[in-house]
Amino acid sequence: MTRAPRKGPGRTAARDDGDEIEADRLAGFPHPRDVTRVHGHEAAEQTLREAFDSGRMHHGWLLTGSEGIGKASLAYAFARYVLAAPGERATAPAGRLAVDPQSPAARQISARSHPGLLVIRRTADAKTKRLSSVIRVDEVRRLKSFLQLTANEGSWRVVIVDPADDLNPSSANALLKSLEEPPTRTLFLLVAAQPGALLPTILSRFRRLDLSALPPHDLLGAVTQALAQADEPRQLPEAADERMRLMALAQGSVRRLIELSEAGGLSLYERLLALVGGLPDLDIAALHTLGEELGPAAAEQKFETFYGLLLDLLPRLVRARATGRAEIVEEGAIAQRLLQPETLASWAELWETIVRDKAATMALNLDRRSLVLQTGFRMRDTAMMRG
């Protein structure tokens with residue numbers, strides 16, 4: 001089992017000031033292009049800076065790691081550094097990519113007006129205003145005209161694909177054509193949570209930089225920064241135990257911690273744990289209540305948070321039963337009682353089934369309440385197996 005994919009047409013997206021839907025921005029919070037300080041990836045920053053400063057930089061970098069840990073923020077920080085004037089780069093602290101946010105390059109990137117930067121991502125249909133579930137080939141074809149532009153002497157061009165996981169076969173092949181003979185002084189930055197989904201021929205053309213989930217100190221710093229920069233600034237819960245539980249559930253992801261905090265994640269987790277902990281006896285009333293709460297379209301963020309919690313919980317339970325070590329204390333007893341060594345494969349299959357069920361529900365705009373009920377019954381059936 002891998003971490004569940006959470007991006008897609010059913011995912012909450014944000015609008016920028018120009019009323020454009022942005023799939024890669026958490027509603028109400030700064031876009032990665034506006035994050036002025038990258039937390040927890042100092043070694044990666046130093047690697048990228050040294051590669052650029054050496055004058056022998058590879059033309060393509062693949063930034064990988066779980067969702068919400070700062071991959072896109074790092075990509076934009078590198079783009080700012082590369083596109084900044086030499087004198088602006090000289091002011092960056094040793095080993096870091098930070099440049100003055102008021103510098104011309106930084107201001108243009110924030111305003112999405114820098115002529116040397118092209119961002120390829122999922123876009124919304126002009127008529128329906130719905131986000132595409134993939135990066136369409138027409139979006140990638142913009143590369144051709146961008147790369148044909150005549151750059152000023154000594155200047156760079158940067159292409160960010162975020163996330164590259166969203167490329168479909170047609171758009172991936174279109175990207176590949178541009179990679180076969182990349183122009184000089186052109187940098188490609190691919191952001192991917194699931195690099196295994198990319199074409200091997202694309203992977204072979206990139207230098208891979210794996211980013212780790214953020215440790216508690218850096219996670220807290222990054223989230224505190226994001227909350228302070230939010231459209232409506234806020235803070236994490238003051239109670240230390242609540243903060244620690246939220247951070248444990250976030251698993252090193254800034255985005256995940258914010259979503260949990262915003263959607264009442266602790267309460268949802270407690271209810272989910274009670275539901276799973278009671279199996280194979282299923283609390284039908286509690287399940288129906290959850291379905292009624294999560295079913296309406298207005299509850300999308302809460303719905304996504306619930307399924308995120310569930311699809312993170314199942315792998316932890318399997319690991320706890322297989323290793324005897326629980327990442328979250330209260331889950332250990334549930335794993336020992338509920339999962340048997342001979343049924344671990346069935347629980348892994350359940351995870352895959354829930355992912356497919358949810359994807360189908362979102363793609364076809366099916367009833368979410370029915371999905372919640374179906375999920376509960378699938379868990380009960382799996383808990384009743386005896387190998």
Side-chain angles (χ1 to χ4, degrees), residues 7 20 22-25 31-35 38 44-45 47-49 51-52 56-65 70-84 89 97 99 105-106 108-123 132 134-152 154-195 197-199 201-209 211:
K7 291 187 177 179
E20 178 184 342
E22 297 194 284
D24 47 356
R25 177 188 175 199
H31 188 277
R33 64 175 169 265
D34 296 317
V35 174
V38 178
E45 284 191 79
T47 296
L48 293 170
R49 177 167 174 170
F52 181 81
R56 300 183 299 276
M57 184 175 66
H58 196 282
H59 72 272
W61 293 78
L62 173 63
L63 308 181
T64 72
K71 301 184 300 299
S73 297
L74 179 61
Y76 279 98
F78 195 25
R80 282 193 295 270
Y81 186 80
V82 170
L83 296 173
R89 295 190 204 114
L97 296 171
V99 297
Q108 284 182 304
I109 288 173
S110 180
R112 296 190 297 162
S113 62
H114 198 293
L117 175 64
L118 176 67
V119 179
I120 295 174
R121 57 184 181 173
R122 288 191 294 130
T123 55
S132 171
V134 297
I135 295 175
R136 294 184 291 242
V137 66
D138 288 346
E139 178 72 4
V140 178
R141 285 175 178 156
R142 296 193 298 130
L143 256 175
K144 184 177 181 180
S145 58
F146 176 74
L147 297 178
Q148 287 176 343
L149 294 174
T150 301
N152 295 329
S155 63
W156 280 79
R157 283 171 291 193
V158 179
V159 178
I160 295 176
V161 183
D162 178 28
D165 319 58
D166 286 346
L167 292 165
N168 64 11
S170 296
S171 56
N173 281 309
L175 175 63
L176 185 59
K177 290 180 181 179
S178 296
L179 295 172
E180 290 174 350
E181 295 183 13
T184 58
R185 305 180 76 82
T186 300
L187 172 65
F188 288 85
L189 300 174
L190 267 58
V191 176
Q194 298 175 323
L198 299 177
L199 293 175
T201 45
I202 288 181
L203 292 174
S204 66
R205 287 170 166 78
F206 283 80
R207 182 173 171 183
R208 180 166 168 167
L209 197 56
L211 306 184

Participant: When rounded to the nearest 0.5 angstrom, what is the spacing between CG in L189 and CG in L74?
Facilitator: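 Atom-to-atom, L189:CG and L74:CG are 8.5 Å apart.
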Participant: Is there a side-chain contact between V35 and Y76 in this structure, where contact means two heavy atoms from C-beta onward sitting under 4.5 Å apart?
Facilitator: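 Result no, sub-4.5 Å side-chain heavy-atom pair not found.
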Participant: Checking side chain to side chain contact (heavy atoms under 4.5 Å, CB included) for the pair N173/L199: CA distance, chi angles, key distance, verdict?
Facilitator: CA-CA 8 Å; N173 281 309; L199 293 175; 3.8 Å; yes
Participant: Can you tell me if D165 uses its side chain to pair, donor with acceptor, with the backbone of Q194 under 3.5 Å?
Facilitator: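 Answer holds: yes.
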Participant: Check L198 against A164 and note the closest heavy-atom contact, atom names and distance.
Facilitator: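 Between these two residues, the closest heavy atoms are CD2-O, 3.3 Å.
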Participant: Starting from the C-alpha separation in whole Å, work towards a yes-or-no answer on side chain to side chain contact (heavy atoms under 4.5 Å, CB included) for F78 and L209.
Facilitator: CA-CA 13 Å; F78 195 25; L209 197 56; over 6 Å; no
Participant: So which heavy atom on V38 is nearest to which on A77, and how close?
Facilitator: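 Shortest heavy-atom separation between V38 and A77 comes out as CG2-CB, 3.9 Å.
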Participant: Within a radius of less than 6.0 Å around CD of E181, do more than 12 heavy atoms belonging to other residues, nucleotides or ligands occur?
Facilitator: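 Counting other residues, nucleotides and ligands, CD of E181 stays at 12 neighbours or fewer.
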Participant: When rounded to the nearest 0.5 angstrom, what is the spacing between CZ in R49 and CG in L97?
Facilitator: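 Between atom CZ of R49 and atom CG of L97 there are 7.5 Å.
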Participant: Determine whether L187 and W61 make a side-chain contact, defined as any pair of heavy atoms from C-beta on separated by less than 4.5 Å.
Facilitator: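 L187 reaches W61 side chain to side chain.
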Participant: Can you give me the closest heavy-atom contact between A51 and M57, atom names plus distance?
Facilitator: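 Smallest interatomic distance, heavy atoms only, reads O-CB, 3.4 Å.
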Participant: How long is the straight-line distance from CD of E139 back to OG1 of T123, given to the nearest 0.5 Å?
Facilitator: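 With rounding to 0.5 Å, OG1 (T123) is 5.0 Å from CD (E139).
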Participant: Give me the one residue out of L190, I120, L117, L63 that meets side chain to side chain contact (heavy atoms under 4.5 Å, CB included) with I160.
Facilitator: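 Checked L190, I120, L117, L63 against I160; only one passes side chain to side chain contact (heavy atoms under 4.5 Å, CB included): L117.
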Participant: So, S171 side chain and I135 main chain: donor-acceptor pair closer than 3.5 Å or not?
Facilitator: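 Flag set: sc S171 to bb I135 pair under 3.5 Å.
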Participant: Return the minimal non-hydrogen interatomic distance between R185 and W156, and the atom names on each side.
Facilitator: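 So the minimum-distance heavy-atom pair works out to NH2-NE1, 3.0 Å.
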Participant: For R89 and A84, indicate whether the former's side chain and the latter's backbone hold a donor-acceptor pair under 3.5 Å.
Facilitator: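 Yes.
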Participant: Taking the inter-plane angle between the rings of H59 and F206 on a 0 to 90° scale, is it parallel (under 30°), tilted (30 to 60°) or perpendicular (over 60°)?
Facilitator: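 If you compare the ring of H59 with that of F206, the planes turn out tilted.
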Participant: Distance from L167 atom CG to L176 atom CG, nearest 0.5 Å?
Facilitator: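 Taking CG in L167 and CG in L176, the distance rounds to 11.0 Å.
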Participant: Is the shortest heavy-atom distance from the side chain of K177 to the side chain of K144 under 4.5 Å?
Facilitator: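 No, too far: nothing below the 4.5 Å cut-off.
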Participant: Could you check if a side-chain atom of Q148 sits within less than 4.5 angstrom of a side-chain atom of P183, using non-hydrogen atoms only?
Facilitator: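 Of all side-chain heavy-atom pairs linking P183 with Q148, none is under 4.5 Å.
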Participant: With no hydrogens and no angle check, is any side-chain donor or acceptor of R122 less than 3.5 Å from a backbone partner on S132?
Facilitator: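 Flag set: sc R122 to bb S132 pair under 3.5 Å.
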Participant: Can you measure from NE2 (H31) to CD1 (I109) and round to the nearest 0.5 angstrom?
Facilitator: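 Between H31 NE2 and I109 CD1, I get 12.0 Å after rounding to 0.5 Å.
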Participant: Is there a side-chain contact between R33 and H114, using heavy atoms and a 4.5 Å cut-off?
Facilitator: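 No - every pair of side-chain heavy atoms lies 4.5 Å or more apart.
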Participant: Within this structure, what is the CG-CG distance for the pair L147 and L118, rounded to the nearest 0.5 Å?
Facilitator: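 The CG atom of L118 is 8.0 Å from CG of L147, to the nearest 0.5 Å.
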Participant: Return the minimal non-hydrogen interatomic distance between F146 and P115, and the atom names on each side.
Facilitator: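 Shortest heavy-atom contact: CE1-O, 3.4 Å.
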Participant: Any side-chain to backbone donor/acceptor pair from R142 onto V119? Under 3.5 Å, distance only.
Facilitator: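 Yes.
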Participant: Got a donor-acceptor contact below 3.5 angstrom from the K71 side chain to the G65 backbone?
Facilitator: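 Between the backbone of G65 and the side chain of K71 there is a qualifying donor-acceptor contact (under 3.5 Å).
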Participant: Locate the shortest heavy-atom distance separating D162 from A72; write the atom from each residue and the value.
Facilitator: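 For D162 and A72, the tightest heavy-atom pair comes out as OD2-CB, 3.5 Å.
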